[in-house]
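Just so it is clear, the model here is predicted, and its values are computed rather than measured.
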Amino acid sequence: MTMQQVDDLGATYLAAENERVRTHTAALVLLDATALPGGALTVAQLRELVLERLDLVPAFRRRLAGVPLGLDRPYWIESDVELDYHVREVALPAPGNDEQLREQVARIFSRPLDRGRPLWEMYLIQGLAGGRSAVLTKIHHAIADARAGVQILTALTDATPWPRRRAASPPRPAPPPPASLTMLLRGLRGAVRQPVRAVSGLPAALTGMDELPVFGTMPGVRLLGATTAFVRRKRRHTAIARAPRTSFNRRISRQRRIGFATVALDDVRLVKNHFAVSVNDVVMAMSAGALRRWLLEHAELPAQSLTAVVPVALRGASSTDLGNDLSAVVVPIPTDVDDPAARLAVAHRAMLAALHDLGTTAPDALVDTIRMVPPAFAMRTVQLLSRLNTWAPRTPAMNVNISNVRGPQEPLYLAGAEVKSIVPLAGITDGLGLNLTVLSYRDRLAVGVVADRDQMPDVQRIADWMGDELAALVKFVAH
């Protein structure tokens, strides 16, 4: 492959990482391997499968190559893949219950990826109760967004229990890494282009400046953002909500906690059709209800609603490109509304209004602002913004990340083992210490919750309450 530069959003994810913040994502695939010979999937079989399909997942062969002095964004270059390192096996002690699985996944998820290698890892987890197995795949967000992650999963799985056989590509040595002088010259060319990037990105950055943490609360910035949006005809349909602080909007630690649950997709569709809303609206209402219960139980429910950042995929369903092709909206979620049906109605109206403003919201404003900063200072800028967000005397722009990903709708098999569910997991950062991601697969919707270990020791309750909130909506429809 020719060298490919990391995209702007990917570079921002890389810059955001430090000794506590990890910006990888993961998918926990729960398997029924009882039909396989020996009744179990082995790590040798998993490595053989990955080896056969490396050509279908080019991201698995790529590693980072930095530009000297940080003069420009890093590049992806082709690398050797040591499968004994990337594909590993762990086992749970008896009885192998879900609590032990969550604890093991949290430990693995808390660890950073090695930037000297391709930025992915895969773990075969044995010893689950009921003869189950699981495969946890970690991949850096700089490589792929959620939809691209689903495409990677699809490349590694099959529609039948009989894996399509592919001749493993003969091992080919990776080309030598580019010389430092070559990378320096690339970096100098990038530095020359930087003023042009800065000027071209200035209108977009000013339009969303008032949505950024810290900057958005400075005097005059809201007027500047609104004026620039008006001039650019980027009329906002919703006012920018400043979120109340909660116990999960502080500086995070190195360790994570994981929660997960599944609900019936037919129940979600029943509610969606009855109220004439979208699946995403139902997810937002479920999330708001679960968070409201958690806040009430901890005696910290604020009078105003929480605010969520909600990623929006821009890539088409047929796109085969990796990288990041997404935007996001920042939207109030009705944690201040007691009635489940009323919560859904409010969530629906808020999402409709926010989607009108797509492209003028905080995550886009952050990337637009980073484009104006010389790459050598990008990492310091991103991390300074993140840390100041937890110390600012005024309220932040958002409380929680909520993502809804459409997954495969047909049955899948991994190396012949039936895929029973796919739990999505995503990262957290300073000031945004809670992430709720849902993914649909066949007839189930899987909920994955990631939180800071110290801030939310009872994170599983949120996952469980997501199901309770859906049940309340189904009950409303029934009556």
From Leu119, Ile143, Thr23, residue fulfilling side-chain contact (heavy atoms from CB on, under 4.5 Å) relative to Leu113:
Leu119

Of Asn401, Asn435, Val400, which meets side-chain contact (heavy atoms from CB on, under 4.5 Å) against Ile428?
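When side-chain contact (heavy atoms from CB on, under 4.5 Å) is applied between Ile428 and each of Asn401, Asn435, Val400, only Asn435 qualifies.
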
Taking side chain to side chain donor-acceptor pair (under 3.5 Å) as the test, write out the residues that go with [X], two or more places apart.
X      : result
Gln45  : Thr42
Arg132 : Asp98
Ser253 : Asp452
Arg453 : Glu103

Please answer whether the main-chain N or O of Thr437 pairs with a side-chain N or O of Ser403 as donor and acceptor at a distance below 3.5 Å.
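Checked: no pair found.
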
For Ser110, does its backbone N or O pair with a side-chain atom of Arg22 as donor and acceptor, under 3.5 Å?
yes

To the closest 0.5 Å, what do you measure between CD1 (Ile402) and CE (Met286)?
10.5 Å

Value rounded to 0.5 Å, distance of OH in Tyr13 from CG in Asp8:
12.5 Å

Where do Arg61 and Asp55 land on the salt bridge (Lys or Arg N to Asp or Glu O under 4.0 Å) test, with the steps shown first?
CA-CA 9 Å; Arg61 291 186 184 270; Asp55 287 346; 3.6 Å; yes

What's the verdict on salt bridge (Lys or Arg N to Asp or Glu O under 4.0 Å) for Arg88 and Glu121, showing C-alpha distance, side-chain angles and the deciding distance?
CA-CA 8 Å; Arg88 313 179 193 180; Glu121 294 173 354; 3.5 Å; yes

With sequence neighbours excluded, what pairs up with [X] under the ring-ring contact (aromatic ring centres under 6.0 Å, His included) test?
X      : answer
Tyr441 : none
Tyr123 : none
His140 : none

Could you give all pairs that pass the salt bridge (charged side-chain N to carboxylate O under 4.0 Å, His left out) test and reach residues 396-406, with sequence neighbours left out?
none

Which residues pass the side chain to side chain contact (heavy atoms under 4.5 Å, CB included) test with [X], not counting sequence neighbours?
X      : answer
Ala26  : Phe109, Leu136, Lys138, Leu425
Ala106 : Ile258
Pro302 : Pro244, Leu295, Leu306
Asn18  : Arg20, Val21, Gln383, Arg387

Glu300 vs Ser247, side chain to side chain donor-acceptor pair (under 3.5 Å): CA-CA, chis, key distance, verdict
CA-CA 8 Å; Glu300 58 173 296; Ser247 58; 2.9 Å; yes

Residue Glu19 excluded, over 12 heavy atoms near CD under 6.0 Å
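For Glu19, atom CD is crowded (more than 12 foreign heavy atoms under 6.0 Å).
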
Could you give me the CA-CA distance, side-chain angles and deciding distance for Glu78 and Arg62, then say whether salt bridge (Lys or Arg N to Asp or Glu O under 4.0 Å) is met?
CA-CA 5 Å; Glu78 190 167 333; Arg62 298 174 183 172; over 6 Å; no

May I ask you to check whether Asp72 and Gln5 show a side-chain donor-acceptor distance below 3.5 Å?
yes

In plain terms, say whether Arg257 and Asp454 are close enough for a salt bridge, that is, a side-chain N and a carboxylate O under 4.0 Å apart.
no

